[in-house]
Every structure is written in C-alpha cells, then in structure tokens.
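Each remark here refers to the structure printed beneath this line.
All ligand and atom numbering here is 1-based and tracks the order in the structure.
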Amino acid sequence: MTVEAFAPGKLILMGEHAVVYGHPALAIAVNRGMRVRLHSRPGATGIDHSFADDPRLTEALHRVLPVAGVGVEIESTLPIGRGMGSSAALAVALGRASLKLEGKPVTSEAVNERAFAVERIFHGQPSGIDHTVSMRGGALLYNRTDIGPEFQRFELPDLPIVVIDSGSAGNTADMVRSVAERIEDVRPYLDQISELLQNTKAALQKGDLVAIGQAWHENHWLLRAIGVSTPTLDKIVRVAAESGATGAKLAGAGGGGVVIALAPNPGPLLVAAKQNGWDAFEVRQNESDENQR
Ligand code: MEV
C-alpha cells in the first residue's frame, strides 16, 4: 500500500519572533513544499534514500509512524532549514500521510496534533505559525494566546516576492532561545515590530509596494536590533534595495536562511543575487487548501 501527501512551505511577511510573545504575525503559504510518500515494506521504518543528515528526522518519523514496516520517501522543492517552513511542511505532509496510512480521516484537528508534535521535535517551543499556515494555505494573521492559537485569513493581492537564499541555515530553536535569554532588553523592539505590522495592514491589503517595502526594511532593522540577522542577510537586504526592490527583510528565525524582497521588476535582483553567489527565485502565494491533499 502506498499513500502520499503534500504540504506547502511558508514565508513570514512580518512579525517573526514577536509572534512567540503573543503579537500577531502575517505569513503566507508558498508555491513550494514537501511531498511525503509512505509504503508498506519489511524492516525498520525509515527513509528509503538519503534526504538530509538530521537525527531529528528519525525522531519525527517515530512520533507518527510505527517503528517497523514503513518506507518513507520525501521530495522537497523548498530549501531546507532556511526559514521557509521546510520542517513545518514536512510535519504537515507526514501528519496527513500517516493518517491516510492508518485509514483515519484527515481532519484539521488530527493533522494539527501530529504536525505540532513533529514541529516541536525540530523547533523546541515554536509559536505554531509555521505548521498552521502550511495546513491552511493562503495568507494568515496568526497569534498565540494563553488559551491557544488564533488565526484569521488575510486578503492579500499577489505580491512580487523574490526569495534570496543566504546559503546557510539558521537554527530556529537556537534563535528563539537567544531572544528569550535577552527578552527584557529586546521587548521594546518586539513591540515595535508588532506596531509596524498593525500600521502596514492597509498597505498590504491595497498592495502598496512602496509602503510595504519601507515597512519590510524597518522590520529587518528591528530584527537586526534583536540580534537575529547576520552580515550576509544585511548585505542581501542592501543589494536588494540597490537592485530596485522597494524593500527587503530576513524571513523566519534568522541566523541564516532567506531574505524576501519586494521586487516589481525582479530581473536586476535575480542577476545581482547570482553575481554574489546566492540562489534566488520568485515565489507566489499558495491558495488555501484545508487538508485536501
Ligand atoms: C519561525 O519560522 C518563526 C519564529 O517566530 C519562531 C516561531 O514563531 O515559532 C522565529
């Protein structure tokens, strides 16, 4: 028996790290993701081919699959560990596929429970935004409250987003921990990130690229102030501006990973990224899919 499931990756457009402290963040699911295929076969459960050398993967598989009898194939169109929600997409796809394998209904509740359990293996104490947006698709405003997550759909026009990969991975659990260790010093910056999102909502909904770009720049420098940027990420943001982007920011936990740039004319930025040795590509929002794959 073979079953398969897909889940998209994500980009946080504004509000990462602040979201861990109860502020809202805006994220979109993207048109890249993870596909997981499971099939019955003798022997210990494991990945059929070498995918990524990460011991957390085995733990993740064991969280949702029997210890023996399942072969796992994983295909990714996301860069791994770069802030594009590769672990969340894997968690959601694995949650969906494992339910199918057991012949159980693929409900939001069941997928959420499995996906969040897997996300915690990769990210320690995540806010839950990554796997929620991967599960729901589209654009979501998400915040974590004392009684659980709250999220609502956010109507966004199609934005001309270019992703530039710094070429190094960031570790989300470490970055979240490093912010937590300095929380009293950085809290004012997190409050400013939250205000910035609040003040940019109208521009986002109108697709005002100049105002959104300006806000992304400010968001980036606030993330830098809390210590999660790197010299390479700062350089990418500068190169993006010099190449005609209206704004750019790191996206995700930082410490490596990707920058997103708003580039109405992406050509010069794609060329500049290549000249600097950075992989760069355009992304689109993935529409809402509510568990159907
Ligand atoms: C990671 O994609 C986003 C962070 O805000 C962590 C989280 O929300 O769990 C840095």
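- Evaluation of the side chain to side chain donor-acceptor pair (under 3.5 Å) rule for E73 yields R37 as partners, not counting sequence neighbours.
- The side chain to side chain donor-acceptor pair (under 3.5 Å) test applied to K206 returns no partner, not counting sequence neighbours.
- Residues D130 and H123 have side chains that never bring a donor and an acceptor to within less than 3.5 angstrom of each other.
- In terms of the side chain to side chain donor-acceptor pair (under 3.5 Å) criterion, R63 has no residue partners (sequence neighbours excluded).
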Could you go through ligand 1 and note, for every N or O atom, any protein N or O atom closer than 3.5 angstrom, writing the atom names and distance to 0.1 Å, or 'none'?
{"unit_1": "ligand 1", "atom_1": "2 (O)", "unit_2": "K10", "atom_2": "NZ", "d": "3.1"}
{"unit_1": "ligand 1", "atom_1": "2 (O)", "unit_2": "D130", "atom_2": "OD1", "d": "3.1"}
{"unit_1": "ligand 1", "atom_1": "2 (O)", "unit_2": "D130", "atom_2": "OD2", "d": "2.9"}
{"unit_1": "ligand 1", "atom_1": "5 (O)", "unit_2": "H17", "atom_2": "N", "d": "2.9"}
{"unit_1": "ligand 1", "atom_1": "8 (O)", "unit_2": "S127", "atom_2": "OG", "d": "2.6"}
{"unit_1": "ligand 1", "atom_1": "9 (O)", "unit_2": "S127", "atom_2": "N", "d": "2.7"}
{"unit_1": "ligand 1", "atom_1": "9 (O)", "unit_2": "S127", "atom_2": "OG", "d": "3.4"}

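- No donor-acceptor contact under 3.5 angstrom links the side chains of T246 and Q214, judged on distance only.
- For the pair V133/I28, no side-chain contact is recorded, criterion being any heavy-atom separation below 4.5 Å from C-beta on.
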